[in-house]
Asker: 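Got a structure here, written out as structure tokens. Questions coming.
Values in this document were obtained by computation on a predicted structure and should not be read as measured data. Residue numbers start from 1 in every chain, and the chains themselves are labelled A, B, ... in the order their sequence lines are given, proteins ahead of strands.
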Amino acid sequence: MSAGALPGFRDFYPETFAQRSWLFDHWREAARGFGFVEYDGPPLEPLDLYTRKSGDEIVGQLYNFTDKGGREISLRPEMTPTVARMVAARANALRKPVRWFSMPQLFRYERQQKGRLREHFQLNVDIFGEADVAADAELLAVACTVMRRVGLGPDDVKARVSDRRLLAAVLHGLGIAEAATPAVFAAVDKIGRDDDAALVKRMRDAGVEAEVAGRVLDTVRASDFDALARDFAGNADVEAALARFAEYRALLDAHGVLEYLQLDLGIVRGLAYYTGIVFELFDARGEFRAICGGGRYDNLLKALGGVDMPALGFGMGDVVLGELIVSRLAPGETPPWASANAPDIWLAAPEGEPLAGTIRAARALRECGLRVEYPLRPMSSSKQRKAAWSSAARYLLEPEGASADRQYRVKAVAERATPQGQGLAQQFEGRTATIEEIVAAWRTGVGGATDRP
RNA sequence: GUGGCUGUAGCUCAACUGGUUAGAGCACCGGACUGUGGCUCCGGGGGUUGGGGGUUCAAGUCCCCUCAGUCACCCCA
């Protein structure tokens, strides 16, 4: 216990690493499919990169310290300031719109709880330099495509989407003063966490009448697109926001991800810097924290780097998503990454012979891309068979005949014996083969190379 | 930073009201057997009962502190 990792940090044993690696592959391929390109920045940044954006109170959440040169620094808690700096530095030279993604490991200093550690990996996808709503749709489409790729459909995950401009227009339409808007936003953000009395009090303290506060709660809870259009007919700001949202929906339909969408004016996202459409992805049963959150933050680059460029992006953490994926596996179902670490071939070594011949055979197999394991010390054939089974290799090759004319019997290891996976074993069923024959058969695709994750 | 709950082998758990040398299954390692098969049988390594202190003739068990895990609050990138 005492020799474990630091609190909130994880050891990735090979089984766990396989899951992480599987998830990363899907993240990367989903983002690339939309033409996004990968970047990275330093895991350590000057402390003031974060205090400038979020104020000094953020330091309580940061994994910060003083380095040996006396610099105040922090492990990065988020990627946005870093990418904003990088984009701002080359703002004029970059082809627009900038579509970048990254998979940084992020850190924060706080007590861990369900779905939150002190360290996690996060897919960050951002678009810079595009104000059109098509960029908003593209962004959410990437997030939903990741969901689809990892096996989570619209019945498993919902994208709760709002638009801060729509909410602001609605609040204005309800007669709420400009000065009270931030407090009402804060109250709306707390819906579902605080009870109604506390929410109403929060708004009344900002000068909102109790009756209006009640209407705010009703309107947000309903989050009914058609009702908004009806109730606020003639309100130019609301109509403009609704029109934009209608186009957003049409584009998401074209992306094939409309089923994930759920209008929810209660999605505010605490950060002050969001300016437009914002969204969070949740599991449909409401068992977990948000899987993903993001939106449009058109003013942030100007505030941080002085470059005025519209921007939007999201972050998707590996912890909650991983927990959700595991929880959705059927009892006894093997996860998709289960066989990622298994060798293709367990190559049995003949008893009483030097290992060199086996190594040469293994080399021939490896040169065509196979993962090959064999015993590093003399072992009985029954022992080797057991080892092959427990390695979960796809095939077991057992030597027969004299070393001068070495033949192998090809056996499929049962658990992984998919119809494709048995190809080699079927090919050589009832007879033995030389390594050359096996290599040749593999090269023609008989072995089932496609089922490797 | 605050509060609740929980800490026994790698994992899941047992051990009467405080009483002998803290046990079992799985996993791991070794051996036997089977020689188209993951079986079965035998054996083995593994624990400062999270750590420290206290009460007691005697503590895994009771008390205090601490550390860790977990859940919630705060906060959310």
Asker: Do A:Asp194 and A:Arg202 sit within salt-bridge range, that is, some charged N less than 4.0 Å from a carboxylate O?
Answerer: yes
Asker: Taking the six-membered ring for Trp and the full ring for Phe, Tyr or His, determine whether the centres of A:Phe121 and A:Phe24 are under 6.0 Å apart.
Answerer: yes
Asker: Regarding A:Arg160 and the six-membered ring of A:Phe282, is the cationic atom NZ or CZ under 6.0 Å from the ring centre and inside 45° of its axis?
Answerer: yes
Asker: Output all residues satisfying side chain to side chain donor-acceptor pair (under 3.5 Å) with A:Asp318, sequence neighbours left out; order by chain, then residue number.
Answerer: A:Arg10
Asker: Taking the C1' atom of each, how far is B:C16 from B:A59, in whole Å?
Answerer: 15 Å
Asker: Quick check on RNA chain B: between A:Gly293 and A:Gly115, whose nearest nucleotide comes earlier from the 5' end?
Answerer: A:Gly115
Asker: Between B:G4 and B:U20, how far apart are the C1' atoms? Round to whole Å, please.
Answerer: 38 Å
Asker: Starting the side chain at C-beta, find the nucleotide from B:U36, B:U34, B:G30 nearest to A:Arg409.
Answerer: B:U36
Asker: Is A:Lys386 side chain donor-acceptor paired with the B:G37 base, going by distance under 3.5 Å alone?
Answerer: no
Asker: Going by the rule ring-ring contact (aromatic ring centres under 6.0 Å, His included), which residues pair with A:Phe65 if we only count those two or more places apart in sequence or in a different chain?
Answerer: none
Asker: Using a heavy-atom cut-off of under 4.0 Å over every strand shown, decide if A:Ser381 touches base, sugar-phosphate, or nothing.
Answerer: base
Asker: Strictly below 4.0 Å, N to O, side chains only: are A:Arg385 and A:Glu398 in salt-bridge contact?
Answerer: yes
Asker: In plain terms, say whether A:Asp283 and A:Lys158 are close enough for a salt bridge, that is, a side-chain N and a carboxylate O under 4.0 Å apart.
Answerer: no
Asker: When you compare B:U21 with B:C67, how far apart are their C1' atoms, in angstrom units rounded to a whole number?
Answerer: 30 Å
Asker: How far does the C1' atom of B:U49 sit from the matching atom of B:G18, given to the nearest Å?
Answerer: 15 Å
Asker: For A:Glu45, which residues count as a salt bridge (Lys or Arg N to Asp or Glu O under 4.0 Å) partner, sequence neighbours excluded?
Answerer: A:Arg85
Asker: Please tabulate, one pair per line, each protein N/O and nucleotide N/O from nucleotides 1-3 of chain B that are separated by under 3.5 Å, including the distance.
Answerer:
{"residue": "B:U2", "atom": "O4", "partner": "A:Arg111", "partner atom": "NH1", "Å": "3.3"}
{"residue": "B:G3", "atom": "O6", "partner": "A:Arg111", "partner atom": "NH2", "Å": "3.1"}

Asker: Does A:Arg99 pair with A:Glu130 as a salt bridge, N-O distance under 4.0 Å?
Answerer: no
Asker: Among B:C29, B:C74, B:G37, which is the nearest nucleotide to the side chain of A:Arg193?
Answerer: B:C74
Asker: Taking salt bridge (Lys or Arg N to Asp or Glu O under 4.0 Å) as the test, write out the residues that go with A:Asp196, two or more places apart.
Answerer: A:Arg221
Asker: Answer with yes or no whether A:Arg116 presents, from its side chain, a donor or acceptor under 3.5 Å of a partner atom in the base of B:C76.
Answerer: yes
Asker: Compare side-chain N and O positions of A:Gln113 against OP1 and OP2 of B:U70 and report whether any pair is under 4.0 Å apart.
Answerer: no
Asker: Between B:U36, B:G35, B:U40, which nucleotide has the shortest distance from any of its atoms to the side chain of A:Arg385?
Answerer: B:G35
Asker: With respect to the side chain of A:Gln112, which nucleotide from B:C76, B:U36, B:U70 is positioned closest?
Answerer: B:U70
Asker: A:Lys190 side chain N/O closer than 4.0 Å to the phosphate oxygens (OP1, OP2) of B:C75?
Answerer: yes
Asker: Pairs counted only when both distances fall under 3.5 Å, Watson-Crick or G-U: show me the 5' to 3' dot-bracket for RNA chain B, [ ] for pseudoknotted crossings and | for other-strand partners.
Answerer: (((((((..((((.....[...)))).(((((.......))))).....(((((..]....))))))))))))....
Asker: Out of B:A68, B:G30, B:A72, which nucleotide sits closest to the side chain of A:Lys383?
Answerer: B:G30
Asker: Which comes earlier along RNA chain B counting from the 5' end, the contact point of A:Gly8 or that of A:Asp194, where each point is its nearest nucleotide?
Answerer: A:Gly8
Asker: Is any side-chain N or O of A:Gln61 closer than 4.0 Å to OP1 or OP2 of B:C76?
Answerer: no
